[in-house]
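I have placed the structure first, in the form of structure tokens, so that the comments after it can refer back to it.
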Amino acid sequence: MRKKEIAVLFLLFLLILTTGCQKETGSAERGKDLDYTVVAVRDCPEDFLKELEEKKINPFQMTYMDGEYLYIALGYGEQPTGGFSITIHGLYETGDKLCLETELLGPGKDEVVKEKSSYPYIIVKTEKTEKEVLFDD
């Protein structure tokens, strides 16, 4: 029963929290795709990682500027097992904002997973900008 409760809560959270880029920007069209790099934890600023570690148990969205770079992190909170991954559908400008589109992918039907909670998140790095970041997950 616990797994069903977690799944239902997660789905409700996504429905409430989902603020897709098109919803936020109205009729603004997708603009220029931006270059980005998926960043390994070991390559992130230490104070950014400290904050991320504190937040990862719950779904989160955060940004961090360091020198000439903008770090964008998105986490999906605690998942009941391992085997989850995140795919990026795009990072692009839309009007005066940036939009990061991601999707959480669950383990495959035939995939062997650890029956231990996991905390999937992703960190991307792009050129520094003052534009607001919208998350479409």
Side-chain angles (χ1 to χ4, degrees):
M1 188 73 165
R2 175 105 171 117
K3 288 182 181 180
K4 287 183 181 178
E5 291 170 349
I6 290 171
V8 169
L9 288 174
F10 181 71
L11 289 174
L12 284 174
F13 176 80
L14 284 179
L15 287 173
I16 292 168
L17 194 63
T18 301
T19 57
C21 294
Q22 289 301 323
K23 294 177 194 171
E24 287 290 324
T25 59
S27 61
E29 291 186 28
R30 180 176 174 143
K32 179 178 101 171
D33 286 330
L34 299 175
D35 291 330
Y36 64 89
T37 302
V38 176
V39 182
V41 172
R42 67 181 177 273
D43 296 329
C44 290
E46 193 172 313
D47 49 340
F48 174 63
L49 287 178
K50 183 178 179 183
E51 186 177 349
L52 188 146
E53 283 296 316
E54 293 171 2
K55 292 183 175 191
K56 76 177 185 181
I57 193 164
N58 296 308
F60 69 89
Q61 303 166 342
M62 60 189 275
T63 61
Y64 178 85
M65 283 192 240
D66 180 30
E68 62 190 80
Y69 297 108
L70 169 65
Y71 293 84
I72 305 169
L74 172 75
Y76 285 87
E78 183 176 17
Q79 301 301 313
T81 66
F84 286 84
S85 62
I86 301 170
T87 187
I88 298 175
H89 293 295
L91 177 64
Y92 57 89
E93 293 178 337
T94 177
D96 61 346
K97 301 177 190 293
L98 300 183
C99 183
L100 176 66
E101 286 187 21
T102 64
E103 181 180 1
L104 178 66
L105 303 174
K109 290 180 181 181
D110 297 329
E111 187 174 345
V112 177
V113 296
K114 293 181 181 179
E115 293 298 322
K116 182 179 176 187
S117 295
S118 64
Y119 306 90
Y121 61 86
I122 195 162
I123 304 166
V124 299
K125 177 173 79 170
T126 191
E127 290 182 20
K128 185 176 179 180
T129 179
E130 296 297 324
K131 292 183 178 187
E132 179 184 0
V133 177
L134 302 176
F135 297 84
D136 189 5
D137 53 336

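Just so we're clear, the structure is a prediction, and the values are computed from it rather than from any experiment.
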Item to check | Nearest atoms (heavy-atom pairs only) where K125 meets V39 | outcome: CB-CG2, 3.3 Å
Next on the checklist: Ignoring hydrogens, what is the shortest heavy-atom contact between S118 and F84? Give both atom names and the distance.
Outcome noted: OG-CD1, 4.0 Å
Item to check | Non-hydrogen side-chain atoms of I88 and I122 separated by less than 4.5 Å | outcome: yes
Next on the checklist: Using the rule given for side-chain contact (heavy atoms from CB on, under 4.5 Å), can you reason through L70 versus L98, listing the C-alpha separation, both sets of side-chain angles and the distance that settles it, and then say yes or no?
Outcome noted: CA-CA 11 Å; L70 169 65; L98 300 183; 4.0 Å; yes
Next on the checklist: Give me the atom names and distance for the closest heavy-atom approach of Y71 to D43.
Outcome noted: OH-O, 4.1 Å
Next on the checklist: Y92 vs E101, test: side-chain hydrogen bond (donor to acceptor under 3.5 Å, both in side chains). Steps then yes/no.
Outcome noted: CA-CA 9 Å; Y92 57 89; E101 286 187 21; 2.5 Å; yes
Next on the checklist: When you compare the side chain of L52 with that of Y121, does any pair of heavy atoms fall below 4.5 Å?
Outcome noted: yes
Checklist entry - Is V113 linked to L104 within one hydrophobic cluster, defined over Ile, Leu, Val, Met, Phe, Trp and Tyr using a side-chain heavy-atom separation of less than 4.5 Å? => result no
Next on the checklist: Let me confirm one number: the OG1-CD distance from T63 to Q61, rounded to the nearest 0.5 Å.
Outcome noted: 10.0 Å
Checklist entry - Mind checking whether K131 and K97 have side chains closer than 4.5 Å, heavy atoms only? => result no
Next on the checklist: Between D33 and R30, is there a side-chain heavy-atom distance shorter than 4.5 Å?
Outcome noted: yes
Checklist entry - Charged N to carboxylate O under 4.0 angstrom, E51 versus K55? => result yes
Item to check | E78 vs S117, side-chain hydrogen bond (donor to acceptor under 3.5 Å, both in side chains): CA-CA, chis, key distance, verdict | outcome: CA-CA 6 Å; E78 183 176 17; S117 295; 2.8 Å; yes
Next on the checklist: Please enumerate all residues that pass side-chain contact (heavy atoms from CB on, under 4.5 Å) together with L49, with sequence neighbours excluded.
Outcome noted: V41, C44, I123
Checklist entry - Can you check whether T129 reaches E127 side chain to side chain, under 4.5 Å on heavy atoms? => result no
Checklist entry - Applying the side chain to side chain contact (heavy atoms under 4.5 Å, CB included) test to V133, which of I72, L74, L91, T126 qualifies? => result I72
Item to check | hydrophobic_cluster_shared for V112 and L105, side chain cutoff 4.5 Å | outcome: no
Checklist entry - Do K128 and E68 pass the salt bridge (Lys or Arg N to Asp or Glu O under 4.0 Å) test, and can you show the C-alpha distance, the side-chain angles, and the key distance before you say yes or no? => result CA-CA 5 Å; K128 185 176 179 180; E68 62 190 80; over 6 Å; no
Next on the checklist: For G83 versus E111, what's the shortest heavy-atom pair and its separation?
Outcome noted: CA-OE2, 3.7 Å
Checklist outcome for this item: The reported gap from CG in D136 to CD in E103 (rounded to nearest 0.5 angstrom) is 10.5 Å
Checklist entry - Looking at P107 and G82, what are the two nearest heavy atoms and their distance? => result CG-O, 3.7 Å
Checklist entry - Should Y119 and Y76 be regarded as members of a common hydrophobic cluster, given that ILVMFWY residues are connected when their side-chain heavy atoms come within less than 4.5 Å of each other, either directly or indirectly? => result no
Checklist entry - Does the pair Y64 and D47 meet the rule for a side-chain contact (heavy atoms from CB on, under 4.5 Å), with working shown? => result CA-CA 10 Å; Y64 178 85; D47 49 340; 2.9 Å; yes
Item to check | Note, E132 side chain near D96 side chain (heavy atom, < 4.5 Å) | outcome: no
Item to check | Nearest heavy-atom neighbours spanning T102 and H89 | outcome: C-CD2, 4.1 Å
